Each structure stands twice: as structure tokens, then as C-alpha cells.
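If you're wondering where the values come from, they're calculated on a predicted model, not measured in any experiment. Residues take their numbers from the sequence shown, with the count starting at 1.
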Amino acid sequence: MLQVKLIVTGDDFGYCPRRNQGIVDCFLAGAVSNVSLLVNGSAAADAAKLARRYNIPIGLHANLSEGSPVCEVLKTNSSLLNQDGFFHGKMGFRTALSKGLLNMSEVKQELKAQVELFHKLTGHLPPHMDGHQHVHVLPEVRHIFAEVLEEYGIKYTRVPIEPGLHNCDWIPPSLMDFYLGVEEDSFNTVDVFTRHGIRWPDIYIGLSTMGKNMSVSNIWSAIDAATADFTAKAPSPAHPPPESRTVTIELMVHPGYPSVPPVGGCGEGPDDFSQSWERLHELQTLMKPELQSHYKTRNIQLCSFKDL
């Protein structure tokens with residue numbers, strides 16, 4: 001039987017006290033096995049303490065798109081900031097990048113400052129590092145991101161290419177357009193990350209199961225379809241038949257108790273995503289006993305990047 005190692009990563013740890021509590025509750029219930037810390041989140045220091053207290057495996061959720069930078073020299077005058085003095089936003093960042101308005105040396109400065117702050121908060125370097133709102137796979141940024149990971153010896157990242165994404169007819173067209181852009185950027189990132197010796201799990205899941213689209217059956221079918229697709233690939237000398245080895249999967253999730261303004265965020269207060277009932281829906285779905293029992297019957301072992 002195929003051995004599946006599943007990393008269930010709770011993103012946006014540190015965003016606000018209620019998100020922190022929700023992610024911790026999921027971890028203690030065995031529903032989340034790994035977390036990704038926003039070091040510019042308003043509750044980042046509290047999140048790091050919680051990770052230490054409960055021995056939660058923690059990595060860095062690098063943020064270039066929401067809130068304020070952590071690098072002091074970039075807080076006042078930087079190409080990474082909009083006219084209000086905050087990062088450009090999820091789509092604003094992409095627009096500024098496409099217009100050539102972002103200084104890549106400032107991107108590097110900020111990424112390094114976030115790694116350093118992570119180290120200061122947690123007492124260790126992140127075993128894995130990914131990008132908030134998938135900024136780490138964008139053109140130009142992907143090269144800088146890879147350089148920073150290599151410099152610090154951070155071995156693992158996330159490459160958001162989700163098997164079966166194109167068949168998910170429940171995703172609205174506008175959101176699907178964004179996801180397909182992320183997928184294309186990710187395909188173009190694979191060679192860059194590989195050249196820098198960076199690794200990532202065999203399979204990524206998380207776009208098709210986000211928010212209101214998360215259900216026990218959706219997670220089941222996404223994992224089953226992805227592993228079936230993986231095992232169907234022809235073996236080569238470098239990759240023995242999948243039955244004789246382990247397949248690794250990262251499931252990206254965003255559980256929590258919804259943020260209550262004005263508390264939370266990364267400098268601008270909490271956004272709609274964090275205040276949404278969908279955060280609680282994810283938390284409740286991930287904690288369902290039938291999901292846990294499915295992992296057991298399918299020989300799925302929950303783990304973190306440290307266990308790969």
C-alpha cells in the first residue's frame with residue numbers, strides 16, 4: 001500500500017489572536033500538523049510563543065503584499081509601498097511588478113529581514129518558507145526568493161500546482177483566473193527552485209478546498225485523485241514505482257476563529273478574508289472525526305516539513 005505523508009499547513013499564523021487560537025485548537029485536535037508564520041502579523045510574537053508551548057512545527061509565510069514591511073529602512077520610502085505606506089496588496093503587487101515598478105533589491109532586503117525576525121521570534125531558522133498570496137512564484141520574485149532560501153539553508157518551499165484544478169467547476173471564473181495564473185507562475189518557477197536545490201512535497205492541494213469549498217468529501221477526493229494521478233506516472237530509474245515509496249502531500253488550509261476589527265492584520269487591520277465565517281468553517285471541517293478516520297484507513301500519516 002502506498003505510504004502517504006500529509007503535511008496540513010495552517011497559513012497566516014500570527015495574523016490575530018483569534019486566528020492563532022483557531023490554528024492551535026486544530027493542531028491540538030490533530031487536524032493541522034504544521035503552521036506558516038506571518039512575522040508582520042499583529043499577533044506574531046504571541047504565535048511564536050504558542051508554537052513553543054505546544055511544540056508546533058513552524059515555518060515562514062513570507063509576506064510582500066499585505067500590511068507593513070518589517071525591514072526598518074523600507075518602512076518609509078520603498079518601491080514595495082503604496083501611497084498609504086502599506087504593501088501594494090494581492091493584485092496591486094502583481095500590477096506593480098508587471099509595470100516594472102518594484103526594486104528587486106528591496107524585495108531581497110525585506111525577505112531577509114523576515115527570515116531574521118522569524119529567527120528572533122522562534123529561536124531557529126524556518127525549516128520551510130512559502131509566500132503569502134503566492135507572491136514567491138511570481139516572475140523576478142521567484143529568483144530572489146530562491147536566492148534567500150539558499151543563503152539561509154532553508155530546504156523546503158511550496159509550489160502551488162494542484163492536480164485536477166481545471167476540473168473544479170465550483171470555483172467562480174474570476175477566482176479560477178487567479179488560480180490559473182498562480183499555476184502558470186508555479187510551472188515557470190520549478191526550474192529556478194530546482195537549480196537552487198530547493199525541494200517541495202510531491203503534491204500540493206489547497207486551492208480547490210479553500211473556504212466554503214472545503215468539505216470532508218472534497219478533501220478526500222482531492223487527496224485520492226492526486227495520489228492516483230501520481231501513482232499513474234511512469235516510473236524511471238530516479239523515481240521507483242510509487243507503490244514502493246512514500247508520496248508527500250501538502251494541504252494548505254486557513255482555519256481560525258474570524259477576526260474582529262480593529263484587532264488583527266499586518267498593519268492595516270484585518271481583511272475580509274480573515275473576518276469571514278469561512279475561517280470557522282475550515283476549522284470545523286478539519287476537526288471532523290470522519291476526516292481523521294479517513295487518514296487512518298488510507299494509510300495517511302500527518303507530519304511536518306521537519307519529518308520529510
Side-chain angles (χ1 to χ4, degrees), residues 6 8-38 40-44 46-47 50 54 56 61 63 65-67 86-87 89-91 130-134 158 160 162 165 168-179 182 204-223 250-292 294-295 302:
L6 176 66
V8 184
T9 302
D11 278 3
D12 304 339
F13 200 42
Y15 194 87
C16 77
R18 287 173 59 81
R19 283 294 281 286
N20 286 356
Q21 192 56 56
I23 290 171
V24 168
D25 287 351
C26 280
F27 177 78
L28 295 176
V32 156
S33 60
N34 186 67
V35 298
S36 220
L37 178 70
L38 283 165
N40 74 334
S42 63
D46 178 50
L50 289 166
Y54 297 109
I56 305 173
H61 201 43
N63 184 2
S65 54
E66 185 182 351
F86 296 111
F87 285 140
K90 180 168 92 167
M91 300 314 295
D130 55 46
H132 185 49
Q133 299 168 340
H134 312 292
R158 169 188 293 165
E162 183 164 345
L165 179 66
C168 301
D169 54 11
W170 56 86
I171 298 172
S174 59
L175 195 54
M176 183 60 97
D177 285 346
F178 176 73
Y179 289 168
V182 169
Y204 163 86
I205 298 168
L207 300 176
S208 66
T209 54
M210 195 187 288
K212 65 176 183 284
N213 295 322
M214 183 179 283
S215 64
V216 170
S217 61
N218 259 10
I219 293 172
W220 281 357
S221 54
I223 290 173
E250 184 187 19
L251 171 62
M252 173 192 79
V253 298
H254 298 82
Y257 301 106
S259 302
V260 178
V263 179
C266 299
E268 302 172 90
D271 62 4
D272 293 344
F273 182 89
S274 192
Q275 293 174 58
S276 167
W277 63 272
E278 295 181 54
R279 306 287 66 77
L280 183 60
H281 171 73
E282 286 200 23
L283 177 145
Q284 291 167 338
T285 305
L286 290 164
M287 284 193 182
K288 287 190 173 170
E290 59 263 43
L291 187 56
Q292 311 278 329
H294 180 79
Y295 295 151
L302 262 63

Under the 3.5 angstrom rule, does the side chain of E268 hit a backbone N or O of E66 as a donor-acceptor pair? no
Heavy-atom pair with the smallest gap, counting every atom of S259 and R19: OG-CG, 4.2 Å
Lys NZ or Arg CZ of R279 over Y257 ring: under 6.0 Å, within 45°: no
Minimal non-hydrogen separation, V182 against P160, with atom names: CG1-CG, 3.7 Å
Check the pair E162, I205 against side chain to side chain contact (heavy atoms under 4.5 Å, CB included), reporting the backbone distance first and the verdict last. CA-CA 5 Å; E162 183 164 345; I205 298 168; 3.7 Å; yes
To the nearest 0.5 Å, tell me how far M214 CE sits from T209 OG1. 5.0 Å
What distance do M210 atom CE and I171 atom CD1 have between them, rounded to the nearest 0.5 Å? 9.0 Å
Can you find a heavy atom in the side chain of H132 that is under 4.5 Å from one in the side chain of N40? no
Minimal non-hydrogen separation, M176 against L165, with atom names: CE-O, 3.3 Å
Verdict with reasoning, V35 to F27, per side chain to side chain contact (heavy atoms under 4.5 Å, CB included): CA-CA 9 Å; V35 298; F27 177 78; 5.8 Å; no
Hey, could you give me the CD/OG1 distance between E282 and T285, rounded to the nearest 0.5 Å? 7.5 Å
Do D271 and Y15 have a side chain donor and acceptor closer than 3.5 Å? yes
Whether the side chain of H61 engages the backbone of F13 through a donor-acceptor N/O pair (distance < 3.5 Å, no angle test) should be reported. no
Locate the shortest heavy-atom distance separating P261 from Q275; write the atom from each residue and the value. CG-OE1, 3.2 Å
Atom pair CG/CD1 of L291 and I223 - distance to nearest 0.5 Å: 7.0 Å
I'd like to know if the side chain of N34 and the backbone of L302 have a donor-acceptor N/O pair within less than 3.5 Å. no
Going through the checks in order, is the side chain to side chain contact (heavy atoms under 4.5 Å, CB included) test met by R18 and V263? CA-CA 9 Å; R18 287 173 59 81; V263 179; over 6 Å; no
Please list, chain by chain and in numerical order, all residues satisfying ring pair (Phe, Tyr, Trp, His ring centres under 6.0 Å) with W170, sequence neighbours excluded. none
Side chain to side chain contact (heavy atoms under 4.5 Å, CB included) assessment of E278 paired with F273: CA-CA 8 Å; E278 295 181 54; F273 182 89; over 6 Å; no
Quick one: do R158 and D11 make a salt bridge, cutoff under 4.0 Å? yes
Please confirm whether the backbone N or O of V8 pairs with a side-chain atom of S33, one donor and one acceptor, at under 3.5 Å? yes
Closest non-hydrogen atom pair, P17 against A43: N-CB, 3.8 Å
Any cation-pi pair here, K90 with F178, using under 6.0 Å and within 45°? yes
Got a second to check how far L286's CG is from H254's NE2, nearest 0.5 Å? 11.5 Å
4.5 Å side-chain heavy-atom contact, P255 and C26: yes
Which pair of non-hydrogen atoms, one from C266 and one from N63, has the smallest distance, and what is that distance? SG-ND2, 3.7 Å
SG (C168) and CG (N218) are apart, to the nearest 0.5 Å, by 7.5 Å
With D12, which of I23, L38, N20 fulfils side-chain contact (heavy atoms from CB on, under 4.5 Å)? L38
